[in-house]
Amino acid sequence: SAGDLWAEHILENARAYIMTFVYVFVTVTTGYPLLSFIASVVGLDMVTSPWAYAVRLLDAALYFWLPQINIILIRLVQGRNLRHRMVGRTVVIGDIPWVAQCAEAFLSKIFAVSYSIAGVNVLSGNPCDHLVHRHTHRVVRGALAIFGRPDGRLSALSTAEASVCLSVNQASSIQSLGGTCESITIGHNPFKLDLSRKGIFLKRHRPLFLCERLLIENDADQEKLAASQKLGSIPEKTSNWRTSIRKVFSSRRQDANLGRSIHSVLDCSISIAKPHKRSAPALLGAYLNIEE
């Protein structure tokens with residue numbers, strides 16, 4: 001759905017061009033501009049009446065602003081943002097260098113063979129490094145920005161995801177007339193940023209890492225603590241990081257079939273009533289609490 005929406009953004013100028021082309025050719029060929037035709041139908045004499053000049057003036061203004069009027073009509077019909085600029089679109093790709101540069105080259109090559117009225121300008125940068133300094137000052141209403149988010153649920157990537165989220169929020173906070181860029185994020189952590197237009201979340205096809213296991217066990221401990229406080233008793237912790245590591249390696253020694261490894265032990269031995277969806281700062285705080 002996000003790709004379809006961006007396609008509508010990019011194609012709106014071509015559609016408005018076609019609508020303008022049809023209107024101009026029909027009205028000039030028949031000799032009846034829209035407002036003059038309506039005035040004639042309601043009985044106004046377009047030859048002798050002094051109001052005929054005012055009607056022709058409005059018809060001239062309609063010809064002048066017809067492309068913008070057509071774009072507004074298209075956006076109203078499609079239910080899209082009316083505050084976006086009525087110009088060619090700019091796509092900003094934010095990811096690690098080799099991903100961003102490859103995506104920029106691929107997208108630029110695709111639109112190199114398009115008509116100029118349906119083309120886009122493509123930029124790229126690293127949201128953990130130079131994207132903010134190079135591109136956020138270029139943010140305008142209707143700019144299209146897509147960011148790759150590292151999986152911050154892994155302790156090694158939590159700070160990287162926090163940096164990406166900070167870049168997204170900074171770019172999406174630059175507003176003009178109440179409008180800003182349209183940002184989309186792609187990643188595994190199922191937490192949508194408030195300032196982004198849409199979050200695309202990828203499914204997990206791997207076993208849990210140890211750090212993820214620790215978070216789940218910590219969440220289970222918190223649930224038990226909350227439940228016990230209601231009952232008036234405080235249970236002991238079910239595990240800590242040392243016992244989790246011992247469980248992992250002891251399970252691997254006991255499992256003779258290496259093809260199964262320890263995926264079922266890591267993923268299913270502990271379950272919680274409601275999985276937690278954490279933002280990047282919340283993940284950083286959770287790992288700091290575990291270390292303490």
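Quick caveat: nothing in here was measured; it's all calculated off a predicted structure.
A continuous path of hydrophobic side-chain contacts links I184 to L202 [ILVMFWY only; heavy atoms under 4.5 Å]. Residues V168 and V92 fall within the same hydrophobic cluster, defined by Ile, Leu, Val, Met, Phe, Trp and Tyr side chains chained together at heavy-atom separations under 4.5 Å. In this structure, M19 is not a member of the same hydrophobic cluster as F25, with clusters built from ILVMFWY side-chain heavy atoms closer than 4.5 Å. Linking ILVMFWY residues whenever their side-chain heavy atoms come closer than 4.5 Å, directly or via other members, leaves I117 and V87 in distinct clusters. Hydrophobic clustering keeps W65 apart from I72 (ILVMFWY residues linked when any side-chain heavy atoms are closer than 4.5 Å, directly or through intermediates).
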Query raised in the report: Should T185 and L193 be marked as a side-chain contact (heavy atoms from CB on, under 4.5 Å) after you check the CA-CA gap, both sets of side-chain angles, and the distance that decides it?
Result: CA-CA 8 Å; T185 62; L193 301 180; 4.2 Å; yes
Query raised in the report: Given the rule in the side-chain contact (heavy atoms from CB on, under 4.5 Å) test, do H137 and I174 qualify, once you have shown the distances and angles that lead to the verdict?
Result: CA-CA 9 Å; H137 64 280; I174 302 174; over 6 Å; no
Query raised in the report: side-chain contact (heavy atoms from CB on, under 4.5 Å) between R138 and L123: does it pass, once the steps are laid out?
Result: CA-CA 10 Å; R138 305 178 186 179; L123 305 172; 3.6 Å; yes
Report task. Begin with the C-alpha distance, continue with both residues' side-chain angles, and end with the deciding distance and a verdict on side-chain contact (heavy atoms from CB on, under 4.5 Å) for N121 and V91. Result -> CA-CA 6 Å; N121 181 34; V91 178; over 6 Å; no
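Side chain of R85 to main chain of G142: no donor-acceptor pair is present (N/O by atom type, distance under 3.5 Å, no hydrogens or angles). No donor-acceptor pair closer than 3.5 Å links the side chain of T27 to the backbone N or O of P33. A donor-acceptor pair under 3.5 Å is formed between the side chain of D59 and the backbone N or O of L35. Under a 3.5 Å cut-off, the side chain of T29 and the backbone N or O of V26 do not form any donor-acceptor pair. Between the side chain of R141 and the main chain of R83, a donor-acceptor pair closer than 3.5 Å is present.
The pair R153-E161 does not meet the salt-bridge criterion, since no charged nitrogen lies less than 4.0 angstrom from a carboxylate oxygen. For E12 and R89, the salt-bridge test passes: some basic side-chain N is under 4.0 Å from an acidic carboxylate O.
Between A100 and G125, the closest heavy-atom pair is CB-O, 3.9 Å. Taking each heavy atom of L157 and D151 in turn, the nearest pair found is CB-O, 3.4 Å. Across every non-hydrogen atom of V164 and G148, the tightest pair is CG1-O, 3.7 Å. The two residues A171 and T180 make their nearest non-hydrogen contact at O-OG1, 3.7 Å. The two residues V132 and Q170 come nearest to each other via the heavy atoms CG1-NE2, 3.4 Å. When all heavy atoms are compared, the tightest approach of Q78 to R80 is OE1-NE, 2.6 Å.
Side-chain atoms of F147 and I186, non-hydrogen and from C-beta on, never get closer than 4.5 Å to each other. Looking at heavy atoms from C-beta onward, L82 lies in side-chain contact with L76 at the 4.5 angstrom threshold. Using a 4.5 Å cut-off on side-chain heavy atoms (C-beta onward), E8 and I74 make no contact. When side chains are defined from C-beta on, S173 counts as touching L195, because their heavy atoms get closer than 4.5 Å. Two residues are said to be in side-chain contact when any heavy atoms from C-beta on lie closer than 4.5 Å; S114 and F111 meet this criterion. Taking the side chain as every heavy atom from C-beta outward, H9 and E182 approach each other to under 4.5 Å. A 4.5 Å side-chain heavy-atom check between L62 and I69 finds at least one atom pair inside the cut-off.
One finds the SG atom of C181 at 13.0 Å from the NE2 atom of H135 (value rounded to the nearest 0.5 Å). One finds the CH2 atom of W6 at 11.0 Å from the CZ atom of R197 (value rounded to the nearest 0.5 Å). A distance of 6.0 Å separates OG in S167 from CG in L131, rounded to the nearest 0.5 Å. Separating the CG atom in L34 from the CG atom in L58 is a distance of 11.0 Å, to the nearest 0.5 Å. Distance CD1/I18 to CG/L11: 9.5 Å, rounded to 0.5 Å. Once rounded to the nearest 0.5 Å, the distance linking CD1 of I146 with CG of D95 reads 9.0 Å.
In this structure, Y17 and F21 have parallel ring planes: the angle between them is below the 30° cut-off, well short of the 60° mark.
For the residue pair S183/S196, the side-chain donor-acceptor check at 3.5 Å is not satisfied. Donor-acceptor pairing under 3.5 Å is lacking for the side chains of T20 and Y63.
Aromatic rings from F191 and F201 are positioned such that their centres are separated by 6.0 Å or more.
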